[in-house]
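Taking it in order: structure first as structure tokens, then the write-up.
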Amino acid sequence: MSNSLPLSRRDVIEARLAEGRQIVAASLAAEFNVSEDAVRRDLRALAAEGKCRRVYGGALPLLTPSQPMAARVGQESGRKRALARAAVAMIEPGEFLFIDSGSTNLAMVDLLPKDLDVTIATNSIDIASAVMKRGDIPLVLIGGAVDPVVGGSVDASAVAAIEAMNIDRCFLGVCAVSARNGISVYEHADAIFKRTLLKRSAARIALITSEKFHERAPHRIGGGDDIDWLVVEDDLPATDEKAAADAGFSLVKASDITSPS
């Protein structure tokens with residue numbers, strides 16, 4: 001009996017893995033109108049061939065590639081917008097905010113109320129552009145050499161600028177979360193920049209899509225003691241939630257945060 005997968009489905013799965021995307025069994029089953037058991041068999045076969053890593057509810061690439069910021073904008077936009085909406089509800093009027101480079105953080109800008117009376121600092125070209133297009137929020141742009149993967153400046157001059165700031169609340173960009181390794185990113189300079197950002201911020205928050213609990217990145221930023229809140233998706237598996245909580249992270253579901261009345 002042949003163990004080969006239907007070619008069209010295999011092509012889709014392998015292409016998405018090659019893009020560094022998480023495979024969610026339930027979503028793929030609905031897309032192809034097959035059972036989740038059928039998708040799980042597909043994923044087991046691909047894992048046996050060394051083409052993915054099985055995780056709860058689906059699979060991940062063996063090594064998640066570091067995509068440029070421009071490539072990440074627009075991916076999973078609905079999920080990122082839900083996290084961004086929760087983040088905006090955490091902001092207090094009059095705060096000096098730092099919105100770190102990241103596609104989920106970028107989604108916050110359009111959701112900020114016009115009367116919130118905040119100032120935004122950022123190292124991100126895309127976030128700065130979105131703030132400028134609004135025209136109603138004071139902006140501080142952190143300069144320096146632009147890293148195309150990060151989508152902003154994280155060099156020594158950017159670090160020096162952050163050292164001189166008293167930030168009320170920062171929204172940190174994170175590539176991976178692990179109970180063992182803490183929060184991490186792909187780029188060494190980015191990790192140094194973010195450690196400085198955490199040190200200069202009174203409140204420290206990160207918006208985390210669920211797949212980041214299964215991604216790996218080489219450069220550690222810190223652990224549970226270094227960040228105040230991880231805002232996570234409502235469908236984060238209980239095993240991931242417990243592991244992160246046991247490691248000292250404070251998690252809050254996006255739907256549990258509501259805008260003040």
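Just so it is clear, the values below take in all heavy atoms, side chains as well, and ignore hydrogens, waters and symmetry mates.
- How far CZ of Arg40 is from CZ of Arg54: 7.5 Å, rounded to the nearest 0.5 Å.
- Under a hydrophobic-cluster definition in which Ile, Leu, Val, Met, Phe, Trp and Tyr are linked whenever side-chain heavy atoms come within less than 4.5 Å, directly or via other members, Val24 and Leu43 are assigned to different clusters.
- We find the CE-CZ distance between Met90 and Phe171 to be 6.5 Å, quoted to the nearest 0.5 Å.
- In this structure, OG in Ser178 is found 11.5 Å from CD1 in Ile183, a value given to the nearest 0.5 Å.
- Val154 and Ile125 fall into different hydrophobic clusters, defined by Ile, Leu, Val, Met, Phe, Trp and Tyr side-chain heavy atoms under 4.5 Å apart, directly or through other members.
- Val118 is connected to Leu139 through a chain of hydrophobic side-chain contacts under 4.5 Å among Ile, Leu, Val, Met, Phe, Trp and Tyr, so both are in one cluster.
- In this structure, Ala59 and Cys52 approach most closely via the heavy-atom pair CB-SG, 3.9 Å.
- In Lys242, the NZ atom is not crowded: 12 or fewer heavy atoms of neighbouring residues, nucleotides or ligands sit closer than 6.0 Å.
- Note on Glu31 versus Arg16: salt bridge recorded, some NZ/NE/NH1/NH2 to OD/OE distance being below 4.0 Å.
- Tracing side-chain contacts under 4.5 Å through hydrophobic residues (I, L, V, M, F, W, Y), one never reaches Met132 starting from Val146; they form parts of separate clusters.
- Note that the CZ atom of Arg134 and the OG atom of Ser129 stand 13.0 Å from one another [nearest 0.5 Å].
- In terms of modelled atom types and a separation under 3.5 Å, the side chain of Arg216 and the main chain of Ala176 share no donor-acceptor contact.
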CA sep, side-chain torsions, deciding dist, call: Phe193, Val150, side chain to side chain contact (heavy atoms under 4.5 Å, CB included):
CA-CA 11 Å; Phe193 177 86; Val150 175; over 6 Å; no
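- Distance check, rounded to the nearest 0.5 Å: CG of Leu207 to CD of Glu233 gives 10.5 Å.
- A heavy-atom distance below 4.5 Å is found between the side chains of Ile162 and Ile142.
- When all heavy atoms of His214 and Asp240 are compared, the closest pair comes out as NE2-OD2, 2.8 Å.
- Proximity of Asp147 to Asp190: side-chain heavy atoms (C-beta onward) are nowhere separated by under 4.5 Å.
- A continuous path of hydrophobic side-chain contacts links Leu251 to Ile227 [ILVMFWY only; heavy atoms under 4.5 Å].
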Evaluate the side chain to side chain contact (heavy atoms under 4.5 Å, CB included) criterion for residues Arg195 and Leu198: first the C-alpha distance (whole Å), next the side-chain angles of each, then the deciding distance (0.1 Å), finally the verdict.
CA-CA 5 Å; Arg195 291 187 205 115; Leu198 291 178; 5.8 Å; no
Evaluate side chain to side chain contact (heavy atoms under 4.5 Å, CB included) for Ile23 paired with Leu28, printing each intermediate quantity in order.
CA-CA 7 Å; Ile23 302 299; Leu28 204 64; 4.1 Å; yes
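- In plain terms, the two heavy atoms of Ala244 and Phe213 that are nearest each other are CB-CE2, 3.9 Å.
- Looking only at side-chain heavy atoms (C-beta outward), Cys170 and Asp100 stay at 4.5 Å or farther from each other.
- Under 3.5 Å, the side chains of Asp155 and Ser157 contain a donor-acceptor pair of N or O atoms.
- Summarising the geometry of Arg44 relative to Arg41, their closest heavy-atom pair is NH2-CG, 3.0 Å, with the distance given to 0.1 Å.
- Counting only distance, with no hydrogens or angles, the side chain of Asp168 and the backbone of Phe96 share a donor-acceptor pair below 3.5 Å.
- Classification of the His219-His188 ring pair by plane angle, with boundaries at 30° and 60°, yields perpendicular.
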Would you please test Asp42 and Arg9 for side chain to side chain contact (heavy atoms under 4.5 Å, CB included) and show each step?
CA-CA 9 Å; Asp42 294 349; Arg9 195 162 69 221; 2.2 Å; yes
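- When each of Asn105, Asn123, Val140, Leu172 is tested with Phe98 by the rule side-chain contact (heavy atoms from CB on, under 4.5 Å), just one qualifies, namely Asn123.
- In this structure, Ser250 and Asp228 approach most closely via the heavy-atom pair CB-O, 3.3 Å.
- Under a 3.5 Å cut-off, the side chain of Lys80 and the backbone N or O of Ala107 do not form any donor-acceptor pair.
- Atom CD1 of residue Ile127 and atom CD1 of residue Ile99 lie 6.0 Å apart, to the nearest 0.5 angstrom.
- With hydrogens and angles disregarded, a donor-acceptor distance shorter than 3.5 Å links the side chain of Thr122 to the backbone of Ser124.
- Within 6.0 Å of the CG atom in Asp225, the count of heavy atoms belonging to other residues, nucleotides or ligands does not exceed 12.
- For the pair Lys194 and Val185, the minimum side-chain heavy-atom distance is below 4.5 Å.
- Across every non-hydrogen atom of Ala82 and Ala254, the tightest pair is O-CB, 4.0 Å.
- The side-chain heavy atoms of Val88 and Pro113, taken from C-beta on, include a pair separated by under 4.5 Å.
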